[in-house]
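Just below is one structure, and these are the notes that go with it.
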Amino acid sequence: MSEALLEVTDLKKYFPISGGLFGKARGHVKAVDGVSFTIGKGETFGLVGESGSGKTTIGQTILRMNDKTAGKVLFKGIDIHGAPKRELQKLRPKMQYIFQDPYSSLNPRMRIGDAIGEPLLQHGLAAKEDVHEKVQEILSLCGLAPYYSNRFPHEFSGGQRQRIVIARAMALNPDFIVADEPVSALDVSIQAQIINLFSDLQEQRGLSYLFISHDLSVVEHLCSRIAIMYLGTIVELTTRDELFSNPLHPYTKALLSAVPIPDLTLKRQRMILKGDIPSPANPPSGCRFHTRCPFAEDICRQAVPELLDVGNGHQVACHRV
């Protein structure tokens, strides 16, 4: 792997459950509970799991949109949650977030040229007289016509709005982007276009991505390494090729069995999980997946499995491996 741009170590994020005496917390939602990984320069790192597994919370906590509960996040060697406000402001342009719903992340009363140009002015990256030209360059870079800058968000399709949000992030010339389910609401053909755009921008600008998704078929085309999350923890982490050819954790196998195969002559045995994902406010003892795992044993209900390297950087948290 290339030199590490981002290092996440034992990251935890708990949300208090209020309702006790005088509004005191009577418990915590353990959205992220001890997650560690690194992302190299120019790398796309995939984070996959069901809704409620903590993927979005990780992305937002990494960028200090949420305060951490414990752990450490280093970006270019700088402690994001320990950095002074002034130093953090200098880093902000280099770390950007792309939200799942592009329409809700755009001001409906603001022309897109102003939405893209405003961060340039705020961070002092362009003079006022140069903003319009820079906005048009960024729109062209993201596959949009320059004259679109005078239009409002409601005048665009879902795919175009996603390009606008990407353009707004690219305006600040970032090194690292958290892409939170950026294609989940788009048609399949448009998904492919947006994925290709991410790849092109990475090649041109040397970007690093944390790509969050619930769809393994999407991350397969973009990510070099993939981490599988379940209930706030990583249960498997390895390269893309290794994950798809040799999945080791039962949860990973279940997710892969649900991926459609375009070749009708090939058949894949479905592994259907029973029940819903447990509440992160009261996670199961031992292995958190044991309540849904068809292979669970007594040790799975008692002891928490460690995320161990089983060879060639393939890490898995399972007592059966």
Begin from the C-alpha positions of Q315 and F37 and carry the test side-chain contact (heavy atoms from CB on, under 4.5 Å) through to its verdict. CA-CA 11 Å; Q315 301 176 47; F37 59 86; over 6 Å; no
CA sep, side-chain torsions, deciding dist, call: Y97, D180, side-chain contact (heavy atoms from CB on, under 4.5 Å): CA-CA 8 Å; Y97 198 100; D180 187 0; 2.8 Å; yes
Determine whether F156 and I112 satisfy the following criterion, side-chain contact (heavy atoms from CB on, under 4.5 Å), listing intermediate values before the conclusion. CA-CA 10 Å; F156 297 93; I112 67 161; 3.8 Å; yes
Would you please test L201 and I166 for side-chain contact (heavy atoms from CB on, under 4.5 Å) and show each step? CA-CA 10 Å; L201 292 173; I166 294 171; 3.6 Å; yes
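Under 3.5 Å, the side chains of Q100 and S184 contain a donor-acceptor pair of N or O atoms. Donor-acceptor pairing under 3.5 Å is recorded for the side chains of H314 and E236.
The environment of E133 atom CD is sparse: at most 12 non-hydrogen atoms of other residues, nucleotides or ligands sit within 6.0 angstrom.
Residues that satisfy the side chain to side chain contact (heavy atoms under 4.5 Å, CB included) test with D130, not counting sequence neighbours, are A127. Applying the side chain to side chain contact (heavy atoms under 4.5 Å, CB included) test to E220 and every residue at least two apart in sequence or in another chain returns R240, F244. For T233, the side chain to side chain contact (heavy atoms under 4.5 Å, CB included) partners are D33, V235, R288, not counting sequence neighbours. Residues satisfying the side chain to side chain contact (heavy atoms under 4.5 Å, CB included) criterion with A227, sequence neighbours excluded, are F45, L47, I234, L237. Under the ring-ring contact (aromatic ring centres under 6.0 Å, His included) criterion, F15 pairs with no residue at all, not counting sequence neighbours.
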Let me have the donor-acceptor pairs involving side chains of residues 65-85, under 3.5 Å, with sequence neighbours excluded, atom names and distances please.
| unit_1 | atom_1 | unit_2 | atom_2 | d |
| --- | --- | --- | --- | --- |
| K68 | NZ | G71 | O | 2.5 |
| T69 | OG1 | Y14 | N | 2.7 |
| K76 | NZ | D175 | OD2 | 2.5 |
| D79 | OD1 | H81 | N | 3.2 |
| D79 | OD1 | G82 | N | 3.4 |
| H81 | NE2 | T61 | O | 2.7 |

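Contact check for E242 versus N312: no side-chain heavy atoms found under the 4.5 Å cut-off. Counting heavy atoms from C-beta outward, S140 and P146 have side chains that approach closer than 4.5 Å.
Taking the ring centroids of Y230 and H249, they lie at or beyond the 6.0 Å cut-off.
When all heavy atoms are compared, the tightest approach of C300 to H290 is O-ND1, 3.7 Å. Here the shortest heavy-atom pairing between G40 and S208 reads O-OG, 3.0 Å.
Taken to the nearest 0.5 Å, the CD1 atom of I177 stands 10.5 Å off from the CG atom of L63.
In summary, of the residues considered (K90, R92, R86), a side-chain contact (heavy atoms from CB on, under 4.5 Å) with L88 occurs for R92 alone.
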